[in-house]
Amino acid sequence: MSNSSSISQFLLLPFADTRQLQLLHFWLFLGIYLAALLGNGLIITTIAWHHHLHTPMYFFLLNLSLLDLGSISTTVPKAMANSLWDNRSISYTGCAVQLFFFLFLIVGEYFLLTVMSYDRYVAICQPLHYGTLLGSRACAHMAAAAWACGFLNALLHTANTFSVPLCQGNAVGQFFCEIPHILKHACSHSDYLREAGLLVVSACLGFGCFLFILVSYVQIFRAVLRIPSQQGRHKAFSTCLPHLAVIFLFVSTGIFAYLKPSSMYSPSLDLVVSVLYSVVPPAVNPLIYSLRNQELKDGIRKMMALCYSEVINCLFSFAQKL
């Protein structure tokens, strides 16, 4: 990714100017980051540990937690370090790497959410074919396709963005590296037409995934409302509503961030919106999925009880040796 510009680093947008508010931001982000690590780590460990959770739905949920951990780890630690050390800079290479991994993980998550909507559609609308359509090999292929699409998308966008000559300053109006804010520094408008075209193609592909999710859930709700027993409807909704809530949070904040009217532009609003779509979902997703999922909650309780028992046994054995 060679660039004819002489930019060696970018300046990220700080959350605050005063030292007290910078430290407050550091502790706030540290709490959110630790919550995301704990929540997603618990889901990954619980699903991997419990054999009865080795089903397509939980396999995709495990992949979602991995993507969430990766995406929040791409942006938050750097923002925390900048606030703690009162620093705004990120190297040119560091910015490219951050942009690549953020796009890779966030786009991969969107494709995975699309796959998960298909999983719920088959489970509720075609239950007799569930084992056939979503066997272990098919699930592995679909998850790999989601990761691969994210990787390819990130590679193309990152290579295109950083091949554009930049010569109009180095201040990025965001707390992490993002394509629109980097392209604002292009030497001329004609320089980033190729990347703009690629963004349009990606937007059309994203809209196609959104339509697929929408149609899937229309069919799902029609099938659920035809279930005669209230208990059956409740069980079906309990497996769909968390996924639908995650999609709504992910899509709504992303749409508002990129399609809001220019009259609403302000640096502080951009910061808040970027936190809503890049930081909040990875921290909140584990809570959304565990609140209405009794199997997952029971699995977490059993695993924590076993860990607690093992720790007590180790301490008791150690005390006996003294």
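What you see is a predicted model; the values in this text were computed from it and never measured.
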Taking all non-hydrogen atoms of both residues, which atom of L271 and which atom of P14 are closest, and how far apart? CD1-O, 3.7 Å

Regarding N170 and Y92, do their side chains bring together a donor and an acceptor under 3.5 Å, going by distance alone? no

So CG of L37 and CG of D68: to nearest 0.5 Å the spacing works out to 11.0 Å

Just by distance, do the side chain of N63 and the backbone of F59 share a donor-acceptor pair under 3.5 Å? yes

Looking only at side-chain N and O atoms, does T46 offer a donor or acceptor that is under 3.5 Å from a partner on Y58? no

Looking only at the side chains, is there a donor atom on one of S91 and Q9 sitting less than 3.5 Å from an acceptor on the other? no

Measure the CG-NE2 distance between L64 and H243 for me, rounded to the nearest 0.5 Å. 8.0 Å

Would a line drawn from the ring center of Y217 to the ring center of Y121 be shorter than 6.0 Å? no

Among residues at least two apart in sequence or on other chains, which ones pass side-chain contact (heavy atoms from CB on, under 4.5 Å) with F151? F100, F104, L155

Starting at CG of L306, measure out to CE of M304 and round the result to the nearest 0.5 Å. 11.5 Å

Can you establish whether the number of heavy atoms outside R222 located under 6.0 Å from its atom CZ is more than 12? no

With a 3.5 Å distance limit and no angle check, can you tell me whether S309 reaches the backbone of A305 through a side-chain donor-acceptor pair? no

OG of S202 to CG of L156: how many Å apart, nearest 0.5 Å? 8.0 Å

Residue list, side-chain contact (heavy atoms from CB on, under 4.5 Å) with V273, at least two apart or on another chain: F256, A257, L269, Y277

So, taking the atom named CD1 in I72 and the one named OG in S278, what distance separates them when rounded to the nearest 0.5 Å? 8.0 Å

